[in-house]
Amino acid sequence: MVRHEVDGGVAVLTLANPPVNALGAETRAALDAALAQAVADESVRVIVLAAEGRVFVGGADISEFGKPPRPPSLPDVLERLDACPKPVVAAIGGAALGGGLELAMACHGRIAAPTAKLGLPEIKLGIIPGAGGTQRLPRLIGPDAAFPMMLTGEPVPAGKAAALGIVDAVVLGDLVAAARTRALELADSGALPRVRDRSDKLTAEARDRFEAQAAEAVKRDPDATNVHALVRAVRAGLEQDFDAAVSVERAEFRMLVEDPRSKALRYAFFAEREAARVPGLPKDTPRRAIETAAVIGAGTMGGGIAMCFANAGIPVTVIETEAGALERGLARVKDLYAGSAKRGSITEAQRDERVGRITGAIGLEHAGAADIVIEAAFEDMGVKRAIFSKLDTIAKPGAILATNTSYLDVNAIAAVTGRPQDVLGLHFFSPANVMRLVEVVRADKTAPDVLATALDLGKRLNKLPVTVGVCFGFVGNRMLERRSRAGERLLLEGALPHAVDAAVTAFGFRMGPFAMGDLAGLDIGWRSRKDFGGRAPVADSLAEMGRYGQKTGRGFYLYPDGARTGTRDPEVEALIERVAAEHGVTRRSFTPDEIVARLMYPMVNEGARILEEGIAARPGDIDTIWINGYNWPAWRGGPMHWADTVGLKTIAEALTRFAAETGDDSQEPAPLLKKLAAEGGSFAGLKNA
Ligand code: 3H9
């Protein structure tokens, strides 16, 4: 796991633990031994620490967390590294994250390649750095620069890292040679700079700025246990000596590893990566080449999808039926790019390149040269089938034909072509250029190489593709529909919109379902219920009154003078009471916990059905979809993980009760949920069944 080469007084230790050189027990032991050997070897004057592969070190091995510790611990190895009597210089060729940056900071010098990025992302896993990161980074760059980095978890690119002082230099070319030179310079000078000994960046001004940042962070997220812990650990470094402060950090880290929030976030991390693997789709499935794309429809969705291709360097033709719509669509895309360039998130050159990769055209025949065609036209089966039957005659042989439908039967769309093996669904989320999730809908006849190519393409577009099967609404919208239905029912039974929304935001969503409905537009659900069936008596009445939500200034709430947050409307509350009376529903009050149960348990139930039917391969795929497409709080791990923490027996019993109370049989627990509840099982346990 660590290669050891000695040449000309320099020992080069190279970590070789693919794919990300995570610092698991074996790697730690090997590194520790290699260091000891280099120290003992009299021919060695200096040591260079390098790593194989694209990533320098992706951190501690997350899969070890919560398991019995295996020595040597990372803090112990880093302490010995720090105390090493010979200069050690890190050669950072790629990402140095978490324990990886902590490792680099325990060295006596750091040289980075321009492609390197450095950060402490532990916060995103519900923990804080636990191998000296909360102490060494503030000593290296000041607490006021270090704290925001640890609070957001966002890595910085090499150039910025050098400007901040995290690395000594960024070098082009032979990184190990540069690190070797730096180490020999240190040896010649007799200096052994240790980050732990530095205090020059711990100025009174920097401390004050840190305290102000800390106060704001805690205020913004008062329930985030790890934010509090981070503040305590950084503050300890300002008030106590290094070793005492490291002990504070260590104790906080150990406590956080056991926190249910961190467990959920770690679960979500691995679920997201597991989603890339589709059961029964071998790794070596051949891929089709994708060098050009066409998007049908220049609406918000089509434009956003085209931007994904342009961002990834793939030329794309946007196709419309008439010039006006095309011009408007292309203008919107241009504006979005101009906005990004203005904000500085892309350079002006990037803006021009990306805009230049998007070409507009009138008429489907312009899709003939594309390796993949994505239809993002009106959500209507007739429209889609007409497009696909024409595409069948236009697209080149072997082109992938994808539909961006959010609900419709992809098998029925594929069936109008003579090449259903080339057809699949790619359900992007709005705004498509921003949202990472893509539901990849595998139809009955989709060929394995088409699916494999789509999944690879998803990654190339910087998306998070999750494979799902064909059913109405796939995974995400099918479960969402359950929540919407339960929400309407709650209104009739006595919970008012603001109370429901408050319970849902307190649960951790950024927005409640009614505020969300107002934002999206109540006319959308209303029209789709008209097309696909189903009734939402309150929402439909509001839409019939022309109350479409924010865009009309009135929906479930009032938005006077273009306000972005709604206020309660007595008229709506009276309307709800009237509708409830018409439906003969007796009203009562609901606690926030009852509201959450009423809304979320039916979603979990639908998730169980989705698993039974094989629409999703595993509970983790459902959770990945809900966290990344629907803003389910990641620290609750997604609906299926959350259901396990609540207890499936509790949920099954409650659903039986809801079915009786509401007279809605579809609330009865699904067979899978019933079975797991009876066995004392969990969704997590299914994987190992
Ligand atoms: C930490 O360091 C705590 C310390 O402060 C204190 C300790 C005492 N562990 O993402 P990818 C796996 S906490 C275990 O697809 P990419 C991953 O599951 C850690 N496994 O690659 C996947 O496995 P598989 C702080 C890990 O190129 C494979 O590697 N660090 C770890 O798109 C490839 O991963 C972080 O939070 C890990 N640390 O992105 C960084 N990292 O192929 C977490 C990856 O079987 N990692 N794996 O599904 C990342 O952000 C990305 O993996 C990285 C590469 C950017 C490095």
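Order of appearance sets the numbers: ligands from 1, and atoms from 1 within every ligand.
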**Q** Going by heavy-atom distance to atom 13 (S) of ligand 1, choose the closest among Phe269, Phe253, Phe270, Phe65.
**A**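 Selected option, by shortest heavy-atom distance: Phe65.
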
**Q** Should you measure from each heavy atom of Pro129, which atoms of ligand 1 turn up under 4.0 Å away?
**A** 5 (O)

**Q** Taking 4.0 angstrom as the limit and counting only heavy atoms of Ile62, give me the atoms of ligand 1 inside it, by number and element.
**A**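 By the 4.0 Å cutoff, the relevant atoms are 9 (N), 14 (C), 19 (C), 37 (C), 38 (N).
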
**Q** Have a look at Lys124, Arg277, Arg254 and point out the one with the heavy atom closest to atom 45 (O) of ligand 1.
**A**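 Heavy atom nearest to atom 45 (O) of ligand 1 belongs to Arg277.
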
**Q** Output yes when Asp82 and Arg136 qualify as a salt bridge under the 4.0 Å nitrogen-oxygen rule, no when they do not.
**A**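 Counted as a salt bridge, because a side-chain N and a carboxylate O are separated by less than 4.0 Å.
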
**Q** Do Tyr630 and Phe429 have their ring centres less than 6.0 Å from each other?
**A** yes

**Q** Whether Arg636 engages the ring of Phe507 as a cation-pi pair (distance to the six-membered ring centre under 6.0 angstrom, angle to the ring normal within 45°) should be assessed.
**A**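 Yes, Arg636 and Phe507 form such a contact.
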
**Q** Does the Asn628 side chain pair with the main chain of Thr624, one donor and one acceptor, at a distance under 3.5 Å?
**A** yes

**Q** Regarding Arg618 and Asp621, does a basic nitrogen lie under 4.0 Å from an acidic carboxylate oxygen?
**A**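 Asp621 and Arg618: salt-bridged.
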
**Q** Check whether any side-chain heavy atom of Glu439 lies under 4.5 Å from a side-chain heavy atom of Ile625, and answer yes or no.
**A**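 Sidechains of Ile625 and Glu439: in contact.
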
**Q** Taking 4.0 angstrom as the limit, do Glu353 and Arg357 come out as a salt bridge?
**A**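 Yes, charged N to carboxylate O under 4.0 Å.
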
**Q** In the protein, what heavy atom is nearest to atom 14 (C) of ligand 1, and what distance, to one decimal place, separates them?
**A**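 For atom 14 (C) of ligand 1, the nearest protein heavy atom comes out as Asp61 OD1, 3.3 Å.
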
**Q** Nearest non-hydrogen atom to atom 30 (N) of ligand 1 belongs to which of Gly58, Pro155, Gly130, Gly59?
**A**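 Considering heavy atoms of Gly58, Pro155, Gly130, Gly59, the nearest to atom 30 (N) of ligand 1 sits in Gly58.
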
**Q** What are the atoms of ligand 1, with element, lying closer than 4.0 Å to any heavy atom of Glu102?
**A** 4 (C), 5 (O), 6 (C)

**Q** Any side-chain heavy-atom pair from Leu101 and Phe56 closer than 4.5 angstrom?
**A** no

**Q** With atom 26 (C) of ligand 1 as the reference point, say which of Leu120, Ile128, Asn17, Val20 has the nearest heavy atom.
**A**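 Residue with the shortest heavy-atom distance to the ligand atom: Val20.
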
**Q** Measure the distances from the heavy atoms of Pro121 to every atom of ligand 1 and state whether one is below 4.0 angstrom.
**A**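 A heavy atom of Pro121 does come that close to ligand 1.
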
**Q** About how many Å separate CG of Leu81 and CG of Leu13, when rounded to the nearest 0.5 Å?
**A** 9.5 Å

**Q** Heavy-atom distance under 4.5 Å between the side chains of Phe147 and Pro138, does that happen here?
**A** no

**Q** Mark whether atom 39 (O) of ligand 1 lies under 4.0 angstrom from at least one protein heavy atom.
**A**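 No, there is no protein heavy atom closer to it than 4.0 Å.
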
**Q** Look at atom 22 (C) of ligand 1 and find which of Lys459, Arg250, Glu249, Arg273 reaches it with the closest heavy atom.
**A**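 Considering heavy atoms of Lys459, Arg250, Glu249, Arg273, the nearest to atom 22 (C) of ligand 1 sits in Arg273.
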
**Q** Of Leu78, Leu74, Leu49, Asn17, which is the lone residue that meets side-chain contact (heavy atoms from CB on, under 4.5 Å) with Leu31?
**A**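 Testing Leu31 for a side-chain contact (heavy atoms from CB on, under 4.5 Å) against Leu78, Leu74, Leu49, Asn17 leaves exactly one candidate, Leu49.
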
**Q** Please could you name the atoms of ligand 1 that Glu122 approaches to less than 4.0 Å, counting only its heavy atoms?
**A** 1 (C), 2 (O), 3 (C), 4 (C), 5 (O), 13 (S)

**Q** If you measure from each heavy atom of Pro19 to ligand 1, is any distance below 4.0 Å?
**A**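 Within the 4.0 Å threshold, so yes.
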
**Q** Closest non-hydrogen protein atom to atom 55 (C) of ligand 1, residue and atom name please, with distance?
**A**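 Heavy-atom neighbour on the protein nearest atom 55 (C) of ligand 1: Leu97 CD1, 3.8 Å.
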
**Q** I'd like to know if Arg54 contacts ligand 1, where contact means a heavy-atom distance under 4.0 Å to any ligand atom.
**A**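 It does, in that a heavy atom of Arg54 comes within the 4.0 Å cut-off of ligand 1.
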
**Q** Determine whether any protein heavy atom is located less than 4.0 Å from atom 43 (C) of ligand 1.
**A** yes

**Q** Can a protein heavy atom be found under 4.0 Å away from atom 24 (P) of ligand 1?
**A**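 Given the 4.0 Å cut-off, atom 24 (P) of ligand 1 counts as touching protein heavy atoms.
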
**Q** For atom 7 (C) of ligand 1, which of Ser63, Ala60, Gly98, Ala96 has the closest heavy atom?
**A** Ala60

